[in-house]
Amino acid sequence: MTLAAFGQAAATPLQSGNVLVSTGNTLSEYTQAGAWVRTVPIPYPGGTRPGTETARDMVVDASGNLALYNGTFDPYLSQYDVATESWAHATHTGWSTANNVSYGGLARFDSFVFATDMFTYGTGDSPRGLVRFELGGATPVRFADAVDFIDVALGQDGLLYGLTSNEYTVHVYDPSTLALVRTVSLPFGKSIRGIAVSQAGEIYGASWDDYIYRFSAAGVQLSRLYSGTYDLIDIDLSDDGVLVVGSRSGRVIFTDLQLLNLSSFTVGSSPAFVTIVPPQQPPPASDTLLISSGNTVLEYTVDGQLVRTLPIPSSDYARDLTVSPGGGIELYNGTFTPSLSRYDSAAAAWTHWTYAGWSTVNNVSYGGIASCQSAIFVTDMATAGAGAPRGLVRFDLFTGAAQRFADTVDFIDVTLGQDGRLYALASNEYTVYVYDASTLALVRTVSLPAYVRAITASATGELYGASWDDHIYRFSASGVLLGQLHSGAYDLIDIDISSVTQEVAVGSRFGTVILTDLELGSLHAFSVGNSEAFVSFSTPAAGSN
């Protein structure tokens with residue numbers, strides 16, 4: 001199909017801030033002032049859409065493409081690629097929703113889309129809960145399968161909120177681990193059919209009683225606003241604080257976080273599910289590699305072209321490095337009395353911080369560093385020269401203060417996963433401790449089936465390991481071996497994933513840098529000399545922004 005007959009040119013991107021409306025099995029784009037932009041028919045796989053199989057809620061990813069809850073008893077996750085004007089469809093065994101005009105919600109987190117699931121009476125449709133689809137095509141995962149859900153939303157606080165079929169209980173999950181965080185009870189009898197959640201964890205509800213509600217994170221009603229229309233069914237919140245609400249009768253309503261203002265327009269007479277197009281990310285660019293080798297920072301393109309060199313002021317052995325969100329180079333500089341050495345590119349100057357008792361064993365591959373927002377994390381070990389302390393040390397870049405935690409374990413590497421978790425590799429070379437990078441709480445531990453000297457983690461929590469046995473390993477989030485690749489180099493000591501290109505870079509003891517992909521299906525390498533090569537991509541980890 002094409003868009004040529006429906007307004008703008010076929011491949012025109014969705015416009016950030018515009019409203020998408022799923023109504024009458026068509027998808028329409030409007031400005032917030034109500035100006036029509038385009039309409040796209042929503043196909044149902046197989047050609048003929050059964051009367052029960054209504055197109056419902058939708059979400060837009062940061063690339064400007066759309067995923068849609070397409071159906072009722074036999075739904076599909078239908079994905080629309082705006083640039084190629086094409087649809088793709090996926091489903092999952094037992095996934096369905098009750099045939100209510102307001103049910104069937106979607107939420108997006110990174111490369112995942114979450115869909116509500118309910119017990120229905122079709123053949124095999126007894127499962128319930130939430131279904132997580134991976135847009136890359138992996139097998140969907142059902143969880144929270146003791147509950148019927150009618151809507152789901154990713155809060156601006158980073159948590160996943162599921163509204164149950166009783167219309168007042170909200171279950172809150174960690175979208176990375178799928179663990180239940182808490183349960184919130186909204187006031188009984190408000191008939192909430194759709195929810196959205198602010199950065200502060202406040203919950204906004206679209207109600208069948210025609211009101212828009214605002215609740216505290218604990219579920220206390222703070223205010224309400226009469227919408228001026230009947231039977232509200234859906235709600236979404238933009239990054240800049242605009243609430244948009246859809247109704248059963250095709251009216252689209254706008255308000256603010258304080259529920260003080262109201263405007264609206266009509267898109268027809270059918271139920272209207274709504275979402276606001278988020279800001280678009282630019283297409284992936286190239287990324288460069290920063291390499292700590294021989295007390296020098298070397299910058300290379302991924303095809304091995306030297307960009308610049310930067311001497312490291314050190315009377316010891318400079319180890320691992322990372323890049324902080326402001327673009328600074330952060331370096332683990334030393335062994336028994338190391339410094340956090342920080343290079344400010346704008347000022348072309350180094351500063352050096354340290355912390356009492358911080359040290360690492362004098363092994364060429366030990367000494368890891370990670371960046372997360374305003375914090376730098378480094379590994380710590382008990383050594384004879386520095387006494388007994390061990391664990392992880394967090395430096396606060398704003399205040400200069402440092403804090404040791406997890407102080408019963410010797411760690412040899414630490415990384416910020418692209419899922420936002422902090423992963424630390426113990427000195428036994430196979431146990432990984434996973435922490436919440438904000439609270440420092442232990443989330444889980446993972447036992448790997450192979451020995452590794454360094455780790456990194458993808459957006460899905462898969463672990464990648466660089467091993468002294470010359471192999472690059474790929475493990476599931478629970479530690480199951482998924483693949484391995486012989487690097488062609490000796491003694492691997494460090495590993496990183498690009499948040500821009502998703503390439504995997506590995507450094508070796510003798511200066512060879514290896515690049516592969518997340519599937520470990522490709523391999524190329526270049527040499528930066530004969531000294532140990534610690535590696536970091538020059539773009540900060542996605543979770544650190």
Side-chain angles (χ1 to χ4, degrees), residues 19-23 54-60 67-70 72 75 97-108 113-118 130 147-156 159-173 184-198 201-215 219 221-238 241-257 259 262 264 267 270-276 278:
V19 181
L20 296 182
V21 184
S22 169
T23 183
T54 305
R56 300 174 182 271
D57 202 9
M58 82 226 107
V59 289
V60 179
L68 187 133
Y69 196 124
N70 192 3
T72 307
T97 192
N99 192 14
N100 181 298
V101 295
S102 64
Y103 293 178
L106 288 186
R108 179 183 65 85
V113 170
F114 294 86
T116 58
D117 194 13
M118 302 182 74
L130 294 168
V147 185
D148 287 302
F149 289 97
I150 62 174
D151 193 30
V152 63
L154 184 74
Q156 292 183 343
L159 297 174
L160 189 72
Y161 290 75
L163 175 64
T164 70
S165 58
N166 66 16
E167 302 178 0
Y168 66 87
T169 302
V170 178
H171 293 261
V172 187
Y173 298 92
V184 180
S185 289
L186 305 180
F188 178 77
K190 302 302 181 183
S191 302
I192 304 299
R193 297 296 178 89
I195 56 172
V197 183
S198 72
E202 291 186 351
I203 300 171
Y204 294 82
S207 174
W208 199 251
D209 73 4
D210 313 337
Y211 282 86
I212 305 165
Y213 286 91
R214 177 189 176 198
F215 305 99
Q221 183 176 321
L222 301 176
S223 59
R224 69 174 186 171
L225 176 67
Y226 181 62
S227 68
T229 194
Y230 297 108
D231 306 340
L232 307 184
I233 67 171
D234 193 30
I235 188 168
D236 190 33
L237 174 61
S238 72
V242 175
L243 285 162
V244 61
V245 180
S247 73
R248 182 183 185 183
S249 59
R251 194 142 194 91
V252 176
I253 304 111
F254 296 89
T255 186
D256 54 75
L257 292 177
L259 305 188
L262 190 73
S264 65
V267 298
S270 297
F273 290 86
V274 292
T275 192
I276 294 178

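A donor and an acceptor atom, one from each side chain of Ser191 and Asp209, are nowhere located under 3.5 Å apart. Using modelled atom types, one finds a donor on one side chain and an acceptor on the other under 3.5 Å when comparing Arg193 with Ser102.
With hydrogens and angles disregarded, no donor-acceptor distance shorter than 3.5 Å links the side chain of Thr72 to the backbone of Asn99. Counting only distance, with no hydrogens or angles, the side chain of Ser165 and the backbone of Ile150 share no donor-acceptor pair below 3.5 Å. Under the 3.5 Å distance criterion, the side-chain polar atoms of Asp57 are matched with a main-chain donor or acceptor of Leu106. Checking side-chain atoms of Gln221 against main-chain N and O of Leu186 turns up no donor-acceptor pair under 3.5 Å. Of the possible polar contacts, one joining the Asp210 side chain to the Asp231 backbone as a donor-acceptor pair under 3.5 Å is found. Not one N or O on the side chain of Thr97 forms a donor-acceptor pair closer than 3.5 Å with the backbone of Met118. Arg108 places a side-chain N or O within donor-acceptor distance of the main-chain N or O of Val60, the cut-off being under 3.5 Å. The closest donor-acceptor contact from the side chain of Asp151 to the backbone of Leu163 lies at 3.5 Å or more, if one exists at all. With hydrogens and angles disregarded, no donor-acceptor distance shorter than 3.5 Å links the side chain of Tyr230 to the backbone of Arg248.
Leu259 has its side chain within reach of Leu243: a pair of non-hydrogen atoms, C-beta onward, lies under 4.5 Å apart. Under the 4.5 Å side-chain criterion, counting only non-hydrogen atoms from C-beta, Leu262 is not in contact with Tyr226. Leu232 places a side-chain heavy atom less than 4.5 Å from the side chain of Ser247. Side-chain contact between Val245 and Ser227 is absent, with no heavy atoms from C-beta onward closer than 4.5 Å. For the pair Val274/Ile253, no side-chain contact is recorded, criterion being any heavy-atom separation below 4.5 Å from C-beta on. Contact of the Phe273 side chain with the Asp236 side chain is not registered, since no non-hydrogen atoms from C-beta on lie closer than 4.5 Å.
In this structure, the separation between OG on Ser22 and CG on Leu68 is 5.0 Å, given to the nearest 0.5 Å. Atom CD1 of Ile203 and atom CD1 of Ile192 lie 10.0 Å apart (nearest 0.5 Å). Here the OG atom belonging to Ser238 is positioned 11.0 Å from the CG atom belonging to Asp256, to the nearest 0.5 angstrom. A distance of 4.0 Å separates CG of Leu237 from CD of Gln156, quoted to the nearest 0.5 Å. Within the model, atoms CE of Met58 and CG of Asp234 stand 6.5 Å from one another, a figure rounded to the nearest 0.5 Å. Phe114 contributes atom CZ, which lies 11.0 Å from atom OH of Tyr173 (distance to the nearest 0.5 angstrom).
Contact between Ala107 and Leu160 at its shortest, heavy atoms only, is CB-CD1, 4.0 Å. The heavy-atom pair separating Val21 from Ala272 by the smallest distance is CG1-CB, 3.7 Å. For the residue pair Tyr69 and Pro75, the shortest heavy atom distance occurs at CE2-CB, 3.8 Å.
Exactly one of Ser223, Ser185, Pro187 qualifies for a side chain to side chain contact (heavy atoms under 4.5 Å, CB included) with Phe215. That residue is Pro187. The side chain to side chain contact (heavy atoms under 4.5 Å, CB included) test with Val147 is passed by exactly one of Thr164, Thr169, Asn166: Thr164.
Taking the six-membered ring where the residue is Trp, Tyr211 and Tyr213 present tilted rings, their angle falling between 30° and 60°.
Ion pairing of Lys190 with Glu167 is absent here, as no side-chain N (NZ or NE/NH1/NH2) approaches a carboxylate O to less than 4.0 Å.
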Worked check of side-chain contact (heavy atoms from CB on, under 4.5 Å) between Val19 and Phe254:
CA-CA 10 Å; Val19 181; Phe254 296 89; 3.5 Å; yes

Given the rule in the side-chain contact (heavy atoms from CB on, under 4.5 Å) test, do Ile235 and Val244 qualify, once you have shown the distances and angles that lead to the verdict?
CA-CA 6 Å; Ile235 188 168; Val244 61; over 6 Å; no

